[in-house]
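These notes are about the structure you will find just below.
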Amino acid sequence: MNRPARLFIGPALAAAVLALPLLPWVPEYWITLLNNIGLAALVAMGLVVLTGIGGLTSFGQAAFCGFGAYTTAVLTTAYGWSPWLTLPAALAVSGAAAVLLTVRLSGHYLPLGTITWGISLFFVFGNLDTLGRHDGISDIPPLSIAGHALFDGRSVFYVIWAAVALAALITFRLLDSRVGRTLRALRGGVTAAEAFGIDTGRAKLIAFVHAALLASLSGWLYAHVQRAVNPTPFG
């Protein structure tokens, strides 16, 4: 396919997808499916940077989704925060956890640590009274824009895919930067990268935190789309 055709087909497909929620004959199932694809795409983009580019392995990304979901669930239901104000808090909690995990572990201990991390946090989420134990937290308020509550899948569709587009833009900019070239160098081996003066510890930290923040954003959105959270999706 030549370049002019690619430049036309991409925007045309994007316009067609964006028009779907406006068409009354489109089944609600399609909208729900696209919303779930958007939430999963946020996590997948983080794993592309972490594993596909940086060569690192994490089995605990669902736990970072849980951090984002439970942070906003607690702050909105117990303390009456606006959902939008909980987003920085959710990202901060996940980012801090990612820094702690990456600084403490390296080599093959990192993927092993993320496995135990995911298992242990599942039981933490399910056994704390403040988090509703295995019943979770319900009655989470929906997102709202200009006083209009986004209760259904069609109304929250554009918020999810705007988040996906913004995350994709940030990820592309990251990979096209000097940091992105540093991340690519990790796949050739730590020793080779360090021989060229690359701070591999810093590069790993950036990749891991970036993936954790995108997973947290997905969890935050998930909580306000489902309007309830429990430990099951975050094990």
Side-chain angles (χ1 to χ4, degrees), residues 6-48 61-62 64-91 93-94 125 132 135-172 211-235:
R6 290 198 302 270
L7 292 176
F8 171 77
I9 291 176
L13 287 175
V17 171
L18 291 175
L20 287 177
L22 303 176
L23 304 175
W25 50 266
V26 173
E28 194 67 30
Y29 171 76
W30 289 16
I31 305 301
T32 302
L33 186 62
L34 286 170
N35 287 343
N36 289 331
I37 289 172
L39 295 175
L42 290 169
V43 184
M45 270 190 280
L47 288 174
V48 165
Q61 294 308 104
F64 291 113
C65 292
F67 275 131
Y70 271 99
T71 298
T72 191
V74 170
L75 292 178
T76 53
T77 58
Y79 300 100
W81 284 35
S82 164
W84 296 106
L85 292 179
T86 65
L87 177 56
L91 296 178
V93 170
S94 295
F125 292 151
D135 291 331
I137 301 173
S138 58
D139 295 327
I140 300 172
L143 297 174
S144 62
I145 297 177
H148 176 65
L150 309 180
F151 282 105
D152 56 41
R154 292 178 186 269
S155 58
V156 80
F157 174 90
Y158 294 105
V159 175
I160 292 174
W161 283 97
V164 172
L166 179 60
L169 177 62
I170 293 173
T171 300
F172 279 126
L213 292 179
L214 291 184
S216 180
L217 174 59
S218 177
W220 177 81
L221 286 167
Y222 174 87
H224 293 289
V225 170
Q226 297 293 333
R227 300 191 60 205
V229 295
N230 64 73
T232 303
F234 311 121

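Remember, predicted model here, so these are calculated numbers, not experimental data. Because only heavy atoms are used, hydrogens play no part in the values below, and waters and symmetry mates are left out as well, while side chains stay in.
Note that the CD1 atom of Ile160 and the OH atom of Tyr222 stand 11.5 Å from one another [nearest 0.5 Å]. For the atom pair Leu42 CG and Trp161 CH2, the distance stands at 8.5 Å (nearest 0.5 Å). Interatomic distance, CG of Leu214 versus CD of Gln61, reported as 9.0 Å (0.5 Å rounding). Note that CG of Leu213 and CZ of Phe64 are 9.0 Å apart. Values are rounded to the nearest 0.5 Å. Put simply, CZ on Phe151 and CG on Leu143 are 11.0 Å apart, with the number rounded to the nearest 0.5 Å. For the atom pair CG of Asp135 and CD1 of Ile137, the computed distance is 11.0 Å after rounding to the nearest 0.5 Å.
Between Pro231 and Tyr70 the shortest side-chain heavy-atom distance falls below 4.5 Å. Contact of the Leu221 side chain with the Val159 side chain is registered, since non-hydrogen atoms from C-beta on lie closer than 4.5 Å. Taking 4.5 Å as the limit, every side-chain heavy atom of Val74 sits out of range of all side-chain heavy atoms of Thr86. Proximity of Pro141 to Pro83: side-chain heavy atoms (C-beta onward) are separated by under 4.5 Å at one or more points. Between Thr77 and Ile140, some side-chain heavy-atom pair lies under the 4.5 Å cut-off. Put simply, the side chain of Leu150 does not reach to within 4.5 Å of the side chain of Ser144, judged on heavy atoms. Counting heavy atoms from C-beta outward, Thr72 and His224 have side chains that approach closer than 4.5 Å. Contact of the Met45 side chain with the Val164 side chain is registered, since non-hydrogen atoms from C-beta on lie closer than 4.5 Å.
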Worksheet item: What's the verdict on side chain to side chain contact (heavy atoms under 4.5 Å, CB included) for Leu87 and Leu217, showing C-alpha distance, side-chain angles and the deciding distance?
Response: CA-CA 8 Å; Leu87 177 56; Leu217 174 59; 3.9 Å; yes

Practice prompt. Verify side chain to side chain contact (heavy atoms under 4.5 Å, CB included) between Val43 and Cys65, making sure each step is shown before the conclusion.
Written response: CA-CA 8 Å; Val43 184; Cys65 292; 3.7 Å; yes

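Across every non-hydrogen atom of Ala149 and Pro142, the tightest pair is CB-CG, 4.0 Å. Pro88 and Leu85 get closest at one heavy-atom pair: CD-O, 3.3 Å. For Ser94 against Phe67, the heavy-atom pair with the smallest separation is OG-CB, 3.3 Å.
Heavy atoms from other residues, nucleotides or ligands lying under 6.0 Å from CZ of Phe172 number 12 at most.
With no hydrogens or angles considered, no side-chain donor-acceptor pair links Asn35 and Thr32 at under 3.5 Å.
Proximity of a side-chain donor or acceptor of Thr71 to a complementary backbone N or O of Gly68 within less than 3.5 Å is not detected. In this structure, Ser218 contributes its side chain and Leu39 its backbone to a donor-acceptor pair below 3.5 Å.
Ring planes of Trp84 and Trp220: tilted class, angle from 30 to 60°.
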